[in-house]
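Heads up: the structure comes next, in structure tokens.
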Amino acid sequence: MTIVPRGVGPERPGSALEVLLIFLRLGVTCFGGPIAHIGYFRDEFVVRRRWLNERAYADLVGLCQFLPGPASSQVGFSIGLMRAGYAGGLAAWAGFTLPSALILVLFAYGANALAGPTGAGLLHGLKLVAVAIVAQAVWGMARTLCPDRTRASIAVTAALIVLFAISPLAQIAAIVLGGLAGLWLCRSVQTSDGEHITVPVSHRAGIVALALFLALLFGLPVLACHGAPEGVSLFDAFYRSGALVFGGGHVVLPLLHEAFVTSGWVSDDTFLAGYGAAQAVPGPLFTFAAYLGAVVGQSPHGVAGAAFGLFGIFLPGILVLIGALPFWDTFRSQRAVQATMRGVNAAVVGLLGAALYTPVWTSAVRSAADFGIVLVGFVLLTVWRAPPLVVVGISALGGVVIGQAA
């Protein structure tokens with residue numbers, strides 16, 4: 001039996017349709033990559049709907065940052081799962097993923113309607129709204145999760161690690177060091193009782209999911225090397241890429257490049273064109289797999305290949321998440337783990353702060369006019385409490401105006 005957590009979740013279970021409609025709207029408005037998505041989710045489910053409180057949400061983000069796979073999609077799946085069970089988790093994934101996947105499949109067939117200065121300005125405006133969303137997330141989470149000098153220092157240290165390190169594992173290292181610092185320095189912080197998070201996943205189901213994750217990770221390459229149909233090799237390429245990604249969706253680029261370009265399945269120009277398009281669409285970057293599945297020379301390809309790619313690249317992250325969630329609340333209720341998670345939460349704020357600068361700020365803000373659009377969006381979000389969709393529209397329009405004036 002699932003017990004609804006006090007002060008953390010809704011007072012009544014929701015429906016899968018409710019979850020689908022909310023995430024479908026997020027799926028067409030969440031521009032800016034995984035860090036921006038976390039900001040959108042926080043505004044929707046912590047600030048507006050109060051399905052989670054700030055601490056629980058930060059813990060969930062910290063957990064998903066630890067696990068392989070697309071962190072923002074895992075956070076969304078977890079929220080849907082807690083709201084409406086497995087059907088809610090699937091609805092959250094489908095609503096958030098399918099809009100960008102469909103756009104990229106159209107792009108694979110040559111439907112590129114965003115050409116010219118107007119289209120470029122529109123895409124630039126969408127990047128600017130991501131800056132405002134991330135800035136809002138950093139501001140709100142820092143006030144709640146870094147209220148003292150110790151945790152503020154952990155956050156700054158984590159940001160510096162990510163900003164100056166060159167390894168793709170820097171985010172993982174920052175979170176681990178934040179957790180160790182919290183275990184050492186944050187034991188004396190008082191915490192409230194009763195903030196338990198219960199997910200509708202049994203321990204047995206979690207163990208089965210982890211076993212399946214490992215079986216596919218090690219079993220698919222064996223099958224691919226022993227005369228299995230070529231579709232198995234294709235699925236293995238997507239699955240391994242999704243299973244070995246730590247530290248954000250952009251880390252999947254070298255893995256997919258190695259799997260598809262080096263092997264000769266996709267040309268380098270075709271690969272880079274699709275990756276560029278993936279930066280311009282809402283939703284998770286992992287939907288790049290839909291594009292690759294559509295254009296790959298192997299069978300299946302086209303629409304069937306796109307579905308194949310989406311399923312293959314997202315499956316490992318969902319399996320490992322389901323495997324971890326049943327044990328999460330037990331661990332986080334222990335005093336030592338609570339101290340560790342305080343450090344992890346502060347480190348997550350630092351990661352958000354670092355990402356606010358690069359790649360979010362550095363790739364979008366190029367002039368005083370750009371900064372003005374970001375400033376307007378930030379004030380609308382934090383002071384006027386405007387819906388993110390309104391801010392997206394205003395920023396997109398501002399981008400078009402700047403593009404025409406250039």
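At distances below 3.5 Å, at least one donor-acceptor pair connects side-chain atoms of S100 with backbone N or O atoms of T97. The backbone N or O of L60 lies less than 3.5 Å from no partner atom in the side chain of Q74, so there is not a single donor-acceptor pair. Not a single donor-acceptor pair under 3.5 Å links the side chain of T287 to the backbone N or O of A290. At distances below 3.5 Å, at least one donor-acceptor pair connects side-chain atoms of N345 with backbone N or O atoms of M341. In this structure, the side chain of Y57 does not engage the main chain of W51 through any donor-acceptor pair within 3.5 Å. For the pair T144 (side chain) and M141 (backbone), a donor-acceptor distance under 3.5 Å is absent.
Residues passing the ring-ring contact (aromatic ring centres under 6.0 Å, His included) test with F238 are F260, sequence neighbours excluded. With sequence neighbours excluded, the residues satisfying side-chain hydrogen bond (donor to acceptor under 3.5 Å, both in side chains) with S72 are H37.
In this structure, CG in L17 is found 9.5 Å from CD1 in I22, a value given to the nearest 0.5 Å. Distance CD1/I161 to CG/L351: 9.0 Å, rounded to 0.5 Å. For the atom pair OG of S367 and CD1 of I402, the computed distance is 5.5 Å after rounding to the nearest 0.5 Å. Distance check: L375 CG to L128 CG gives 12.0 Å after rounding to the nearest 0.5 Å. A distance of 8.0 Å separates CG in L21 from OG in S15, rounded to the nearest 0.5 Å. Note that CG of L183 and CZ of R342 are 10.0 Å apart. Values are rounded to the nearest 0.5 Å.
Screening F286, F235, Y239 for a side-chain contact (heavy atoms from CB on, under 4.5 Å) with I313, the sole residue that qualifies is F286. Checked against F96 for a ring pair (Phe, Tyr, Trp, His ring centres under 6.0 Å), the options F77, F41, Y40 give a single hit: F41.
Using the six-membered ring where Trp is involved, H257 and F271 have ring planes that are perpendicular, over 60° apart on the 30 and 60° scheme. Ring geometry, F45 versus F23: the interplanar angle falls under 30°, so the pair is classed parallel (tilted spans 30 to 60°). Using cut-offs of 30° and 60° for the angle between ring planes, the F314 and W93 rings count as perpendicular.
Between L325 and S78, some side-chain heavy-atom pair lies under the 4.5 Å cut-off. A 4.5 Å side-chain heavy-atom check between P300 and L234 finds at least one atom pair inside the cut-off. Taking 4.5 Å as the limit, some side-chain heavy atom of D43 sits within range of a side-chain heavy atom of R48. Side-chain contact between R42 and V61: absent, with no pair of heavy atoms (C-beta onward) separated by less than 4.5 Å. Residues L216 and L319 are in side-chain contact: their nearest non-hydrogen atoms beyond the backbone lie under 4.5 Å apart. Side-chain contact between F327 and I207 is present, with at least one heavy-atom pair separated by less than 4.5 Å. Using a 4.5 Å heavy-atom threshold, the side chains of P282 and I103 count as touching.
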Let me see the working for L52 and M82 under side chain to side chain contact (heavy atoms under 4.5 Å, CB included), right down to the final yes or no. CA-CA 10 Å; L52 296 166; M82 288 187 283; 3.8 Å; yes
L81 and Y86: CA distance, side-chain angles, deciding distance, side chain to side chain contact (heavy atoms under 4.5 Å, CB included) verdict: CA-CA 5 Å; L81 184 70; Y86 287 105; 3.9 Å; yes
Would you please test C186 and I154 for side chain to side chain contact (heavy atoms under 4.5 Å, CB included) and show each step? CA-CA 11 Å; C186 298; I154 293 173; 4.3 Å; yes
Test side chain to side chain contact (heavy atoms under 4.5 Å, CB included) on R151 and V349; report intermediate values, then the result. CA-CA 10 Å; R151 281 177 280 182; V349 175; over 6 Å; no
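Across every non-hydrogen atom of V131 and A364, the tightest pair is CG2-CB, 3.8 Å. Among all heavy-atom pairs drawn from G274 and L104, the shortest one is O-CD2, 4.4 Å. Across all their heavy atoms, A347 and G178 have their closest contact at CB-CA, 4.1 Å. Across every non-hydrogen atom of A324 and L63, the tightest pair is CB-CD1, 4.4 Å. The heavy-atom pair separating V296 from V266 by the smallest distance is CA-CG2, 3.9 Å. Pairing each heavy atom of L256 with each of F288, the nearest pair is CD1-CD2, 3.8 Å.
Other residues, nucleotides and ligands contribute at most 12 non-hydrogen atoms within 6.0 Å of the CZ atom of F311.
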